[in-house]
Amino acid sequence: MAVDINKVNKELESKTPLEIVQWAVNFAENPIVTTNFRPYEAAILNITSSVKKDIKVIWCDTGYNTPNTYKHAKDLIDKLKLNIKLYVPKQTVGYRDIVLGIPSVEDENHKIFTEQVKLEPFKRAMTEHKPDVWFTNLRRGQTSFRDSINIVSQDKNGVLKVSPFYNWTDEELNVYLEEYNLPNEFKYYDPTKQLENRECGLHT
């Protein structure tokens with residue numbers, strides 16, 4: 001997809017998240033939204049499904065989510081009637097616990113672990129659905145990498161990555177969730193990151 005990223009970001013700078021989603025959906029042929037049901041994911045799921053009710057929601061479940069996250073996911077899927085496309089690792093958690101465990105970020109096996117539980121399922125999903133627009137809930141201030149992108153960026157495969165809430169704070173998202181009576185859940189665990197300000201490799 002040929003897009004002047006700098007020009008688009010300037011045009012969208014003053015737009016609301018809803019206007020940004022509408023802009024992207026208008027020219028997208030096959031948009032998707034990805035989620036892991038971490039805190040504040042309800043916002044991106046609500047706003048994208050309100051514009052395109054049948055948008056494909058890609059959920060790559062590592063298998064290590066907390067009970068709270070799984071309950072939160074079920075509540076949101078039911079409440080928003082999400083068109084969930086679930087992807088899971090090819091290895092079970094039980095098998096991996098024996099042969100690999102959860103390596104620390106310093107362990108050379110951590111790269112293998114991340115590939116198994118997150119990157120491979122994500123690549124499989126992208127290969128099967130072949131999106132041209134990918135909605136995410138990336139925001140400025142989360143990591144140094146995310147500070148370097150903008151509302152709209154493009155991955156190495158030409159997929160347009162759109163982050164409608166890119167410039168929003170937690171406080172603003174709290175107001176949004178309250179306005180739409182949406183739940184939030186903070187008991188979330190990502191075994192591939194282990195540190196809040198660390199990228200797992202999916203977005204980079």
Answer yes if the side chains of Asn36 and Tyr188 hold a donor-acceptor pair under 3.5 Å, and no otherwise. yes
Contact check, side chains of Tyr176 and Ile47, non-hydrogen atoms, under 4.5 Å: yes
Results of side chain to side chain contact (heavy atoms under 4.5 Å, CB included) for Thr48 - residues two or more places apart only: Val21, Val33, Ile44, Ile55, Phe135
Which heavy-atom pair separates Ser163 from Leu138 by the least distance, and what is that distance? CB-O, 3.4 Å
May I ask you to check whether Tyr87 and Trp59 place their ring centres under 6.0 Å from each other? no
Taking the side chain as every heavy atom from C-beta outward, state whether Asp132 and Phe27 have any atom pair closer than 4.5 Å. no
Got Leu18 and Gln22 here, is their nearest side-chain heavy-atom distance under 4.5 Å? yes
Applied to residues 167-178, the salt bridge (Lys or Arg N to Asp or Glu O under 4.0 Å) test, sequence neighbours excluded, yields Arg139-Asp170
I'd like to know if Ile84 and Leu80 are part of one continuous hydrophobic network [Ile/Leu/Val/Met/Phe/Trp/Tyr, side-chain heavy atoms within less than 4.5 Å]. yes
Output every pair passing salt bridge (Lys or Arg N to Asp or Glu O under 4.0 Å) with a member in residues 9-28, not counting sequence neighbours, ordered by first then second residue. none
Lys74 vs Tyr70, side-chain contact (heavy atoms from CB on, under 4.5 Å): CA-CA, chis, key distance, verdict: CA-CA 6 Å; Lys74 176 69 165 60; Tyr70 284 119; over 6 Å; no
If you look at every heavy atom in Arg96 and Gln91, which pair is closest and at what distance? NH2-O, 3.1 Å
Scan residues 39-52 for pairs that pass salt bridge (Lys or Arg N to Asp or Glu O under 4.0 Å), counting only residues two or more places apart or in two chains. Lys52-Asp54
Can a donor-acceptor pair be found between the side chains of Lys56 and Asn30 at a distance below 3.5 Å? yes
So how far is it from Asp61 CG to Thr35 OG1, rounded to the nearest 0.5 Å? 11.0 Å
Residue pair Asp97 / Val93, side-chain heavy-atom distance below 4.5 Å: yes
With sequence neighbours left out, the residues meeting side chain to side chain contact (heavy atoms under 4.5 Å, CB included) with Glu185 are Asn68, His72, Lys187
Show the numbers, then the answer: is there a side-chain contact (heavy atoms from CB on, under 4.5 Å) between Cys60 and Thr34? CA-CA 8 Å; Cys60 294; Thr34 56; over 6 Å; no
Of all heavy-atom pairs linking Ile20 and Pro164, the shortest is CD1-O, 3.7 Å
CG-OH distance between Leu45 and Tyr40, expressed to the nearest 0.5 angstrom: 15.0 Å
Nearest 0.5 angstrom please: Asn174 CG to Thr169 OG1, how far? 8.0 Å
Side-chain touch Val159/Val133, heavy atoms, less than 4.5 angstrom: no
Check this for me, if you would: do Glu128 and Lys123 make a salt bridge, where the nitrogen-to-carboxylate-oxygen distance has to be below 4.0 angstrom? no
Checking Ile102, Leu100, Thr114 against Asn109 for side chain to side chain contact (heavy atoms under 4.5 Å, CB included), the one that qualifies is Leu100
Return the minimal non-hydrogen interatomic distance between Leu12 and Ile151, and the atom names on each side. O-CD1, 3.8 Å
For atom CZ of Phe186, is the number of surrounding heavy atoms from other residues, nucleotides or ligands below 6.0 Å larger than 12? yes
Side chains of Ile58 and Leu86 in contact at under 4.5 Å (non-hydrogen atoms): no
Phe113 pairs by side chain to side chain contact (heavy atoms under 4.5 Å, CB included) with which of Pro89, Ser104, Pro103? Pro103
Can you measure from NZ (Lys111) to CG (Leu119) and round to the nearest 0.5 angstrom? 10.5 Å
Applied to residues 83-95, the salt bridge (Lys or Arg N to Asp or Glu O under 4.0 Å) test, sequence neighbours excluded, yields Lys90-Glu120
Can a side-chain donor-acceptor contact be found between Arg38 and Tyr189 if the only test is distance below 3.5 angstrom? no
To the nearest 0.5 Å, how far apart are CD in Glu179 and CG in Asn46? 9.5 Å
Any Thr136 side-chain heavy atom under 4.5 Å of Val162 side chain: no
Kindly determine whether Asn83 and Lys53 satisfy side-chain contact (heavy atoms from CB on, under 4.5 Å), including the steps that lead there. CA-CA 8 Å; Asn83 181 20; Lys53 290 185 178 180; over 6 Å; no
Show your reasoning for whether side-chain contact (heavy atoms from CB on, under 4.5 Å) applies to Thr62 and Val88. CA-CA 6 Å; Thr62 65; Val88 297; over 6 Å; no
Which atom names give the shortest non-hydrogen contact between Gly158 and Gln154, and what distance separates them? O-NE2, 3.0 Å
Rounded to the nearest 0.5 Å, what separation is found between the CZ atom of Arg124 and the NE2 atom of His129? 10.5 Å
Compare every heavy atom of His110 with every heavy atom of Pro191, then report the nearest pair and how far apart it is. O-NE2, 3.7 Å
With the side chain counted from C-beta on, respond yes when Val152 and Trp23 share a heavy-atom pair under 4.5 Å apart, and no when they do not. yes
